[in-house]
There are 2 protein chains.
Amino acid sequence: MPKHIADSTVRRLSLYLRFVEEALGRGLRTISSDTLAALGGTTSAQVRKDLSSFGSFGKRGLGYPIPDLVERLRDILGLEREWRVVIIGAGRIGSALAHYPGFSQHGFRIVGVYDNDAEKIGRSWDGHPIRDVAHLGRDASREKPDIAVLAIPADTAQATADHVVRAGIRAILNFAPTPLRVPDSVTVKTVNMALELEGLSYALAHKR
Amino acid sequence: MPKHIADSTVRRLSLYLRFVEEALGRGLRTISSDTLAALGGTTSAQVRKDLSSFGSFGKRGLGYPIPDLVERLRDILGLEREWRVVIIGAGRIGSALAHYPGFSQHGFRIVGVYDNDAEKIGRSWDGHPIRDVAHLGRDASREKPDIAVLAIPADTAQATADHVVRAGIRAILNFAPTPLRVPDSVTVKTVNMALELEGLSYALAHKR
DNA sequence: GGATGTGAATGTCTTCACAGCT
DNA sequence: AGCTGTGAAGACATTCACATCC
């Protein structure tokens, strides 16, 4: 097991897991790096490198045994346990995420929903009471959330992230269109839809 | 102007644009690679490399003139013109995107909303009538959309993407949690929230 | 002096190609 | 024969460091 696994590798492992789970559901017994590569839009060498980072459990001449592979990938990705998630920003994005297929399926459980809008606080949101974000620290010491989803505007994102970090939460999924500064002990993934759109705009503007 | 600009570079350019626009709004005149690097979470050398790919328009000893930089970046990213967007899948994700600040601000205009659910077709969605996705080809020849946003489940995503490609649309923003196969002439960006969450899960599971 | 622009060095990720196991 | 596992090569991206210019 190497010191460090690249982000891009982890993303591919998640993809493989999805395909392998599907193959498992169809009752298949083994799957080859070639097949996984075709499904995941990569190459067989890449698949083998990715998987061999964590030990060799494929069978030469046959491929990877599917039940083993599912278990191994779920284990590597930390999906054998349940992660406790708070959503900060009771708006459309958080709602979309909460309804994402695979959110609860893959062990992500919403344990709290927060907002800073007095109009919203106290109301119900997809079955969860909306709490005041000012109480996050107090609640967190009791409920020990693992992940905070920031679904709020850019201008309050950094302050809220600081708040989240102080509450002892060590992972942030950031939908605010701005990078966040956090200590090394905290992991952030930013999903910036504006960047994706502008990437498409760039491609359209420059493509022959 | 080099043959090819990396995706990661384009993403950073989008970020820089956001910061420079903000600086412009505050009436600043120039901005240094150091300042941009701090805002964007990168290094000054990286900023200079990124910008110099498109010619040199910084002033040594001063930094980059902000109005020029805004214009140049908007031009590079293709944001001087309006892009016509269709949203396929009249659900929460599409709705969240449509309300994203900067969507219309940055020249992305929704020209059609589609679904395949007979219950939804004909209803109104954020002021747009929901149309039958079966009519996309016919509509597209008239309305010439540039970008299709796929906000639909994984199992129909590839077939819908094929449909979109046949309709002559050359850019896809894919929120379905699966990679898409499209011809080289079509650009796809996939936003897979499950992958981001699992990336956090991985980090939490492995961090000391 | 202060900040850019850029070749060279470094670091990281991907692809190749083939030995080795089943 | 078929397919994995993996060093070595190659491609790509980032960082360094310094000459260059305002």
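Quick note on labels: first sequence line is chain A, next is B, and so on, each numbered from 1. What you see below is based on every heavy atom in this structure, not just the backbone, and it leaves out hydrogens, waters and symmetry mates.
Summarising the geometry, the separation between NE2 on A/His4 and P on C/dG11 is reported as 16 Å, rounded to the nearest angstrom. Protein atom CG of A/Asp50 is 12 Å distant from nucleotide atom C1' of C/dT15, rounded to whole Å. Nucleotide C/dA3 holds its C1' atom 17 Å from the CD atom of B/Gln46, rounded to whole Å. Separating the CD1 atom of A/Ile5 from the C1' atom of C/dC13 is a distance of 12 Å, rounded to the nearest angstrom. Look at NZ on B/Lys49: it is 12 Å from C1' on C/dT10, rounded to the nearest Å. Rounded to whole Å, the distance from CG on A/Asp7 to P on C/dT14 is 11 Å.
If you check residues 13-37 of chain A against DNA chain C, you find no residue with a heavy atom closer than 4.0 Å.
Classified by interplanar angle (parallel below 30°, tilted 30° to 60°, perpendicular above 60°), the ring pair B/His206/B/Tyr202 is parallel.
For A/Arg60, whose side chain is taken as the heavy atoms from C-beta onward, the closest listed nucleotide among C/dC13, C/dT15, C/dG20 is C/dG20.
Place A/Thr9 and A/Leu62 on DNA chain C by their nearest nucleotides, and A/Thr9 ends up nearer the 5' end. Nearest-nucleotide mapping onto DNA chain C: of A/Lys59 and A/Arg48, the residue sitting toward the 5' end is A/Arg48.
Around CZ of A/Arg81, the count of heavy atoms belonging to other residues, nucleotides or ligands within 6.0 Å exceeds 12. Applying the 6.0 Å contact sphere to CD of B/Glu71 captures no more than 12 heavy atoms from other residues, nucleotides or ligands.
Once you apply a 4.0 Å limit to the heavy atoms of chain A, the touched nucleotides of DNA chain D run 5' to 3' over D/dG2 to D/dA8.
Remark: the backbone N or O of B/Glu80 is not paired with any side-chain donor or acceptor of B/Arg74 at under 3.5 angstrom.
Side-chain polar atoms of B/Thr30 and B/Lys59 form no donor-acceptor pair below 3.5 angstrom.
Between B/Glu196 and A/Arg11, at least one side-chain nitrogen of the basic residue sits less than 4.0 Å from a carboxylate oxygen of the acidic one, meeting the salt-bridge criterion. The existence of a salt bridge linking B/Arg18 and B/Glu22 is excluded, since no basic side-chain nitrogen approaches an acidic carboxylate oxygen closer than 4.0 Å.
Note on A/Arg12: a side-chain N or O is less than 4.0 Å away from OP1 or OP2 of C/dT14.
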Sequence neighbours left out, cut at 3.5 Å: what donor-acceptor pairs do the side chains of residues 84-95 of chain B make with other protein atoms?
from, atom 1, to, atom 2, distance (Å)
B/Arg84, NE, B/Glu143, O, 2.8
B/Arg84, NH2, B/Glu143, O, 3.0
B/Arg92, NE, A/Ser95, OG, 3.2
B/Arg92, NE, A/His99, ND1, 3.4
B/Arg92, NH2, A/His99, NE2, 3.3
B/Ser95, OG, A/Arg92, NE, 3.3
B/Ser95, OG, B/Asp126, OD2, 3.3

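Across B/Arg131 and B/Val111, no two heavy atoms sit closer than the pair NH2-O, 3.4 Å.
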